[in-house]
Amino acid sequence: MLLGLGIGVKLNAGLVALGPAWELRRSPRRLAVVAGAATATVLLTYGLAGPHVLDQVGAASKKVSLATPWQLAKTGLQAAFGPGAYSSWIQLGSMLLLACLAWLVLRATPRATAPAVSAALVAAWLFAAPYALPWYDGLAFALLAMAAGASWPALETFVLARTAVLSLGYLPAREAMRPADLLWLKTLIRERVVPWSLLALTLALAWWAARAGARARRRSASAAPRP
């Protein structure tokens with residue numbers, strides 16, 4: 001029910017549900033009970049909220065934040081192929097990046113507990129999403145705190161760095177009541193410095209996860225009993 005309520009408040013909380021699903025994968029009956037209770041709660045919540053409950057989600061799914069690396073991709077596509085939003089291309093690219101980052105980070109997971117799996121998936125989503133705001137990262141911090149026993153300081157550092165960089169692009173550069181002489185906070189910091197910084201951070205995350213996953217596989221292979 002708590003999972004269902006979380007999804008009812010914010011749809012991306014559905015990523016959290018994949019952690020418990022992973023932990024319960026060998027117990028189909030318990031998994032069915034959890035999935036059924038969560039689904040029923042979501043349907044009840046959305047039913048009470050009314051028919052327009054997903055309108056904002058649908059609109060946001062087609063947007064690209066100025067401060068994400070996908071804005072650089074959008075600008076490149078417009079320069080190469082002409083004017084257009086290229087929403088479907090960017091959505092496809094973000095899903096592929098999400099899958100790739102999730103796979104790499106999960107391979108680097110020290111212990112595949114439910115909070116650790118959820119944290120890995122949410123972190124991958126944060127780095128891959130075309131539409132992102134700094135306060136979205138609160139979900140990842142909550143899960144990383146729950147997965148503290150996994151000894152995962154590197155992923156915590158990446159998420160913290162992402163929050164800091166993205167915050168610089170939005171909090172000082174807010175549109176409301178911004179003096180005209182501070183427009184550079186938007187045109188320079190939010191639209192140029194932050195996207196390139198987040199792109200570098202995303203590549204660094206993928207590089208770290210690939211190396212950490214390879215080391216984990218080597219340790220597992222060396223610890224396995226020899227015939």
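Position 1 is the first residue of the sequence, and the numbers go up from there.
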Roughly how far, to the nearest 0.5 Å, is the CG atom of L143 from the CG atom of L121?
9.5 Å
Got a sec: does the CZ of R107 have more than 12 other heavy atoms crowding it under 6.0 Å?
yes
Is there a side-chain contact between L168 and V193 (heavy atoms, below 4.5 Å)?
no
Contacts under 3.5 angstrom, residues 62-69 side chains, donor-acceptor by atom type, not counting sequence neighbours:
{"unit_1": "S65", "atom_1": "OG", "unit_2": "A132", "atom_2": "N", "d": "2.9"}
{"unit_1": "S65", "atom_1": "OG", "unit_2": "A132", "atom_2": "O", "d": "3.2"}
{"unit_1": "T68", "atom_1": "OG1", "unit_2": "S65", "atom_2": "O", "d": "3.1"}
{"unit_1": "T68", "atom_1": "OG1", "unit_2": "P130", "atom_2": "O", "d": "3.1"}

Check whether more than 12 heavy atoms from other residues, nucleotides or ligands sit under 6.0 Å from atom CG of L2, and answer yes or no.
no
Separation of T41 OG1 from M1 CE (nearest 0.5 Å):
5.0 Å
Report yes if some heavy atom in the side chain of V117 is under 4.5 Å from a heavy atom in the side chain of T109; otherwise report no.
no
Is there a donor-acceptor contact under 3.5 Å from the side chain of S118 to the main chain of P115?
no
Kindly compute the distance separating CG (L166) from CG (D137), expressed to the nearest 0.5 Å.
6.5 Å
Taking all non-hydrogen atoms of both residues, which atom of A123 and which atom of V159 are closest, and how far apart?
CB-CG2, 4.2 Å
Shortest non-hydrogen pair, P134 vs T163, comes out as O-CG2, 4.2 Å
Taking all atoms of both residues into account, what is the closest heavy-atom pair of E191 and T187, and its distance?
CB-O, 3.6 Å
Less than 4.5 Å apart, side chain to side chain, heavy atoms only: is that true for L205 and L104?
no
So which pairs with a foot in residues 44-59 pass side-chain hydrogen bond (donor to acceptor under 3.5 Å, both in side chains), sequence neighbours left out?
H52-D55
V57 and V53: same hydrophobic cluster, using ILVMFWY side-chain contacts below 4.5 Å?
yes
So which pairs with a foot in residues 82-95 pass side-chain hydrogen bond (donor to acceptor under 3.5 Å, both in side chains), sequence neighbours left out?
none
Give me the ring orientation class for F158 and F127: parallel if the planes are under 30° apart, tilted from 30 to 60°, perpendicular past 60°.
perpendicular
Please report, to 0.1 Å, the donor-acceptor pairs under 3.5 Å made by any side chain of residues 6-31, with sequence neighbours excluded.
{"unit_1": "W22", "atom_1": "NE1", "unit_2": "A112", "atom_2": "O", "d": "3.4"}
{"unit_1": "E23", "atom_1": "OE2", "unit_2": "A114", "atom_2": "N", "d": "3.1"}
{"unit_1": "R25", "atom_1": "NH1", "unit_2": "W22", "atom_2": "O", "d": "2.7"}

Taking only residues at least two apart or on different chains, which pairs with a member in residues 39-50 satisfy salt bridge (Lys or Arg N to Asp or Glu O under 4.0 Å)?
none
To the nearest 0.5 Å, atom CG of L43 lies from atom OG1 of T39 at 6.5 Å
Side-chain contact, heavy-atom cut-off 4.5 Å: Y131 with W70?
no
How close do A124 and L98 get, counting heavy atoms only, and between which atoms?
C-CD1, 3.5 Å
State, with a plain yes or no, whether a side-chain heavy atom of R162 is found less than 4.5 Å away from one of L126.
yes
Under 4.5 Å between side-chain heavy atoms, counting indirect links through other Ile/Leu/Val/Met/Phe/Trp/Tyr residues: same cluster for L199 and W207 or not?
no
Is W135 reachable from L139 through a run of hydrophobic residues whose side-chain heavy atoms are each under 4.5 Å from the next?
yes
Could you pull out every donor-acceptor pair under 3.5 Å between side chains of residues 73-82 and any protein atom, sequence neighbours left out?
{"unit_1": "T75", "atom_1": "OG1", "unit_2": "Q71", "atom_2": "O", "d": "2.9"}
{"unit_1": "Q78", "atom_1": "NE2", "unit_2": "G84", "atom_2": "O", "d": "2.8"}

same_hphob_cluster(L97, L203) at 4.5 Å side-chain heavy-atom cutoff
no
